[in-house]
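Written below as structure tokens is the structure these notes are about.
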Amino acid sequence: MPDVQSTRVLIIGAGPAGYTAAIYAARANMAPVLVTGLQPGGQLTITTDVENYPGFAQPIQGPWLMDQMAAQAAHVGTAIVNDVITRVDFSRYPFQATTDSGQTYLAYAVIIATGAQARWLGLPSEAKYAGGGVSACATCDGFFYRGKKVAVIGGGNTAVEEALYLTHHASQVTLIHRRDKLRAEKILQDRLFANPKISVIWDHEVAEILGTEKPAVVTGIKLRHGTTGVAQTLDLDGVFIAIGHTPTTAIFAGQVRTDSEGYIITTPGTTETSVPGVFAAGDVQDKIFRQAVTAAGTGCMAALEAEKFLAKIPFRVDEAA
Ligand code: FAD
Ligand code: NAP
């Protein structure tokens with residue numbers, strides 16, 4: 001492959017948003033190039049059962065779903081490249097993007113779909129029980145805790161919303177927060193305090209997640225008081241970590257407008273970023289819904305918007321390339 005390659009549309013990211021954008025762009029004859037990054041398939045490759053992606057009456061496996069999306073994107077004509085974009089320059093046109101392996105892409109439209117990553121506490125026991133009772137997504141995994149006891153860690157909007165959501169499934173929900181005040185909006189706090197299934201433990205941090213060895217399944221949690229250091233344990237079936245997400249946008253800093261948390265700002269109702277011709281889809285621009293189906297939906301929007309954008313530029317991209 002030459003070191004410099006032109007493409008009509010460059011898609012950065014291989015999650016539901018990136019693959020869906022690729023399927024629509026390829027079917028619109030835009031011959032997209034999709035660069036996968038380090039996690040081909042995205043966040044769903046680190047989960048097991050997916051029960052809320054439309055079209056499947058039985059639970060499906062996250063990695064399987066993503067393999068299907070990749071196969072569909074390739075089948076309709078996407079060039080899928082296993083590489084990582086390390087630098088972009090949106091100040092020149094065609095846009096320029098360079099990969100870890102030294103390849104440079106000149107792109108007439110770019111779709112950013114680099115997703116987000118849940119923040120974790122960083123405890124070894126948290127990693128050990130991931131998928132065995134430790135989760136960062138109540139909407140995804142709450143269903144598995146019907147009639148069980150769970151805890152939510154965090155004090156922001158996400159933690160409170162997750163706790164409220166979990167009351168639809170779990171018999172008891174304990175919110176554990178490291179301070180004595182929640183960061184969440186007042187209205188959410190009111191709902192939280194009014195819910196008889198929810199109790200709150202203030203001023204405690206998680207010292208360790210407890211569980212069995214084989215299989216590795218959560219049985220409880222060890223907490224430590226923030227100032228006294230006094231420890232206590234709780235019996236639990238599940239622990240939901242809700243201490244925030246980090247959008248994967250470091251390489252776009254200074255290139256497109258982002259909010260104070262690093263999420264790419266898009267014009268409401270569209271996937272347009274602050275740079276005409278650069279679109280953003282999926283979790284990288286969405287801190288509210290963060291679902292595979294919404295990521296796929298905005299991936300579709302980005303491809304359709306890229307097609308319209310390319311149709312308006314005053315020269316034929318093929319000739320320019
Ligand atoms: P992601 O899936 O985050 O994909 C981002 C992609 O960008 C990756 O391929 C990555 O390699 C790539 N990338 C990043 N940086 C670069 C770079 N520099 N160059 C090139 N590529 C790059 N949602 C549901 O609807 N149902 C569920 O059951 C469900 N379960 C979940 C379980 C877990 C454990 C987690 C963590 C999430 C779950 N979600 C679920 C949420 C869902 O996975 C996300 O909303 C969705 O994956 C977001 O898709 P995305 O395409 O925006 O980004
Ligand atoms: P957030 O507002 O940053 O809150 C994170 C929470 O986790 C804070 O309470 C923080 O504690 C706690 N925390 C952080 N690191 C921790 C650690 N290592 N150990 C223990 N606790 C830790 O994140 P978010 O709740 O995910 O919300 C992110 C953004 O999305 C916010 O702007 C939020 O308003 C928005 N959002 C909006 C809605 C909505 O409008 N309905 C829903 C969800 C999210 P401290 O308080 O002590 O810092």
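Numbers here are sequence positions counted from 1.
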**Prompt:** Do the side-chain N and O atoms of Thr266 and Gln285 include a donor-acceptor pair separated by under 3.5 angstrom?
**Reply:** yes
**Prompt:** Angle class for the Tyr53/Phe56 ring planes (parallel below 30°, perpendicular above 60°, tilted otherwise)?
**Reply:** tilted
**Request:** May I have all residue pairs that pass disulfide (SG to SG under 2.5 Å) and include part of residues 173-245, sequence neighbours excluded?
**Result:** none
**Asked** From Thr273 OG1 over to Glu305 CD, what is the distance, rounded to the nearest 0.5 angstrom?
**Response** 10.5 Å
**Request:** Could you walk me through whether Phe240 and Tyr145 pass ring-ring contact (aromatic ring centres under 6.0 Å, His included), step by step?
**Result:** CA-CA 11 Å; Phe240 288 82; Tyr145 295 90; 5.4 Å; yes
**Prompt:** Do the non-hydrogen side-chain atoms of Lys287 and Asp259 ever get within less than 4.5 Å of each other?
**Reply:** yes
**Message:** Quick one: does any side-chain atom of Glu162 pair with a main-chain N or O of Ala138 as donor and acceptor, under 3.5 Å?
**Reply:** yes
**Request:** Determine, stepwise, if the pair Gln5 / Thr104 fulfils side chain to side chain contact (heavy atoms under 4.5 Å, CB included).
**Result:** CA-CA 6 Å; Gln5 192 190 334; Thr104 294; over 6 Å; no
Only distances under 3.5 Å count here; give the side-chain donor-acceptor pairs of residues 206-232 to other protein atoms, sequence neighbours excluded, each with its distance to 0.1 Å.
residue: Thr212; atom: OG1; partner: Pro215; partner atom: O; Å: 2.7
residue: Thr212; atom: OG1; partner: Val217; partner atom: N; Å: 3.2
residue: Thr212; atom: OG1; partner: Val217; partner atom: O; Å: 3.3
residue: Glu213; atom: OE1; partner: Lys128; partner atom: NZ; Å: 3.4
residue: Glu213; atom: OE2; partner: Lys128; partner atom: NZ; Å: 2.7
residue: His225; atom: ND1; partner: Thr227; partner atom: N; Å: 3.1
residue: His225; atom: ND1; partner: Thr227; partner atom: OG1; Å: 3.2
residue: His225; atom: ND1; partner: Thr228; partner atom: N; Å: 3.2
residue: His225; atom: ND1; partner: Thr228; partner atom: OG1; Å: 3.3
residue: Thr228; atom: OG1; partner: Val230; partner atom: N; Å: 3.3
residue: Gln232; atom: NE2; partner: His204; partner atom: NE2; Å: 3.3

**Request:** Working to the nearest 0.5 Å, report the span between CD1 of Ile176 and CG of Asp203.
**Result:** 12.5 Å
**Message:** So Thr248 and Val284, do their side chains get closer than 4.5 Å, heavy atoms only?
**Reply:** no
**Request:** For this output row, return yes or no: ring centroids of Phe95 and Tyr93 closer than 6.0 angstrom.
**Result:** yes
**Item:** Considering all heavy atoms, the nearest Ile243-Gly154 contact
**Value:** CG2-CA, 4.2 Å
**Asked** Any luck finding a side-chain donor-acceptor pair between Gln117 and Asp283 under 3.5 Å?
**Response** no
List, one per line, each side-chain donor-acceptor pair under 3.5 Å for residues 59-78, sequence neighbours excluded.
residue: Gln61; atom: NE2; partner: Asp49; partner atom: OD1; Å: 2.6
residue: Thr78; atom: OG1; partner: Ala73; partner atom: O; Å: 2.8

**Item:** Sequence neighbours excluded - disulfide (SG to SG under 2.5 Å) pairs with any residue from residues 130-206
**Value:** Cys137-Cys140
**Request:** Please state whether the rings of Trp202 and Phe193 are parallel, tilted or perpendicular, taking 30° and 60° as the class boundaries.
**Result:** tilted
**Message:** Glu185: which residues meet the side-chain hydrogen bond (donor to acceptor under 3.5 Å, both in side chains) condition with it, sequence neighbours left out?
**Reply:** Asn157
**Item:** From CG (Asp235) to OG1 (Thr174), nearest 0.5 Å
**Value:** 10.5 Å
Can you list, pair by pair, the side-chain donor-acceptor contacts under 3.5 Å of residues 14-38, counting residues two or more places apart and other chains?
residue: Thr20; atom: OG1; partner: Pro16; partner atom: O; Å: 2.6
residue: Thr36; atom: OG1; partner: Asn82; partner atom: OD1; Å: 3.1

**Item:** Thr167/Ile198 under side chain to side chain contact (heavy atoms under 4.5 Å, CB included): CA gap, chis, key distance, verdict
**Value:** CA-CA 8 Å; Thr167 60; Ile198 301 177; 3.5 Å; yes
**Prompt:** Checking Lys148 side chain against Gly238 main chain: does a donor-acceptor pair fall under 3.5 Å?
**Reply:** no
**Request:** Hey, could you give me the NZ/CG distance between Lys149 and Leu166, rounded to the nearest 0.5 Å?
**Result:** 15.0 Å
**Message:** Just verifying a value: how many Å separate Asp83 CG and Asp100 CG, rounded to the nearest 0.5 Å?
**Reply:** 6.0 Å
